[in-house]
Amino acid sequence: QVQLVESGGGLVQAGGSLRLSCAASGRTFSGYGMGWFRQAPGKEREFVAAFNWSGRNTYYGDSVKGRFTISRDNAKNTVYLQMNSLKAEDTGVYYCAAPSQLITTAPTLKEQYGYWGQGTQVTVSS
């Protein structure tokens, strides 16, 4: 019912910037949120950023606070993740995700999301 397609990943030097995009198609959900997660080899999928549609609240993982910004363009049905001051530890596959049901708490857990993009690789060289 929902398809998420990510783009914008690539190779960047430490301290650089990158912007990821996630285009959503299919069924739309008003009042729901959207999130970004990442996964490095050998590690669990980690929360990066999310927003609540109705509350306009944003949430960020501790490791990216002050460096990453989540935003959206409703006209394009696209969600963005602006990543600044990138570090080597930011390397991983980044996924955008949409919840399959209403989230009544902070949308920071991967278990809260039912739809996922294919992922886009981000590599930060040190």
Side-chain angles (χ1 to χ4, degrees):
Q1 294 180 334
V2 176
Q3 186 175 34
L4 307 174
V5 180
E6 296 150 317
S7 62
L11 176 65
V12 64
Q13 292 184 338
S17 299
L18 205 62
R19 190 174 80 156
L20 306 182
S21 300
C22 176
S25 62
R27 195 169 187 173
T28 58
F29 300 91
S30 61
Y32 286 44
M34 190 74 69
W36 285 95
F37 292 78
R38 68 187 182 188
Q39 188 167 21
K43 296 184 179 180
E44 290 293 306
R45 194 163 296 186
E46 174 190 21
F47 171 73
V48 175
F51 65 85
N52 181 284
W53 290 90
S54 59
R56 294 184 177 181
N57 301 125
T58 56
Y59 307 81
Y60 295 95
D62 291 339
S63 63
V64 305
K65 287 181 179 178
R67 300 188 298 119
F68 290 10
T69 303
I70 187 171
S71 62
R72 68 182 186 275
D73 186 335
N74 290 331
K76 297 181 179 180
N77 296 314
T78 301
V79 179
Y80 304 96
L81 182 68
Q82 178 66 46
M83 305 184 294
N84 298 326
S85 301
L86 284 163
K87 306 174 181 179
E89 50 263 43
D90 293 319
T91 294
V93 178
Y94 283 68
Y95 301 88
C96 64
S100 58
Q101 58 187 342
L102 180 66
I103 301 176
T104 57
T105 59
T108 59
L109 304 177
K110 59 182 182 293
E111 292 80 10
Q112 297 171 308
Y113 296 84
Y115 302 97
W116 298 84
Q118 82 286 354
T120 185
Q121 177 69 43
V122 172
T123 303
V124 183
S125 62
S126 59

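This structure is a prediction, so every number in the text was calculated from the model and none was measured.
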Please list all pairs passing the side-chain hydrogen bond (donor to acceptor under 3.5 Å, both in side chains) test where one or both residues lie in residues 2-15, with sequence neighbours left out.
none
Specify the closest pair of heavy atoms between Leu86 and Met83, including all atoms of both residues, with the distance to one decimal.
CD2-CB, 3.7 Å
Going by salt bridge (charged side-chain N to carboxylate O under 4.0 Å, His left out), name the residues that satisfy it together with Lys65, two or more places apart in sequence or in a different chain.
Asp62
Is any side-chain heavy atom of Ser63 closer than 4.5 Å to a side-chain heavy atom of Glu46?
yes
To check you understand the geometry: which heavy-atom pair defines the closest contact between Ala24 and Leu4, and what is its length?
CB-CD2, 3.7 Å
According to the side-chain hydrogen bond (donor to acceptor under 3.5 Å, both in side chains) rule, which pairs have a member within residues 81-94, sequence neighbours left out?
Ser17-Asn84, Arg38-Asp90, Arg38-Tyr94, Arg67-Asp90, Gln82-Asn84
Distance-only criterion, 3.5 Å: show the donor-acceptor pairs between side-chain atoms of residues 119-126 and protein atoms not counting sequence neighbours.
from, atom 1, to, atom 2, distance (Å)
Thr120, OG1, Gly9, N, 3.2
Gln121, NE2, Thr123, OG1, 3.3

hydrophobic_cluster_shared for Tyr60 and Tyr95, side chain cutoff 4.5 Å
no
Should Trp36 and Val93 be counted in the same cluster of Ile, Leu, Val, Met, Phe, Trp and Tyr side chains packed under 4.5 Å apart?
no
Let me check something: do Phe68 and Val79 share a hydrophobic cluster, defined by ILVMFWY side-chain heavy atoms less than 4.5 Å apart, either directly or through other members?
yes
In Å and rounded to the nearest 0.5 Å, what is the CZ to OG1 distance from Arg72 to Thr78?
12.5 Å
CD1 of Ile103 to CE of Met34: how many Å apart, nearest 0.5 Å?
10.5 Å
With a cutoff of under 4.5 Å between side-chain heavy atoms, which Ile, Leu, Val, Met, Phe, Trp and Tyr residues group with Val5?
none
The reported gap from CG in Asn52 to CG in Asn57 (rounded to nearest 0.5 angstrom) is 5.5 Å
If the condition is ring-ring contact (aromatic ring centres under 6.0 Å, His included), which residues does Phe37 pass it with, not counting sequence neighbours?
Phe47, Tyr113, Trp116
Hey, could you give me the NZ/OG distance between Lys76 and Ser21, rounded to the nearest 0.5 Å?
8.5 Å
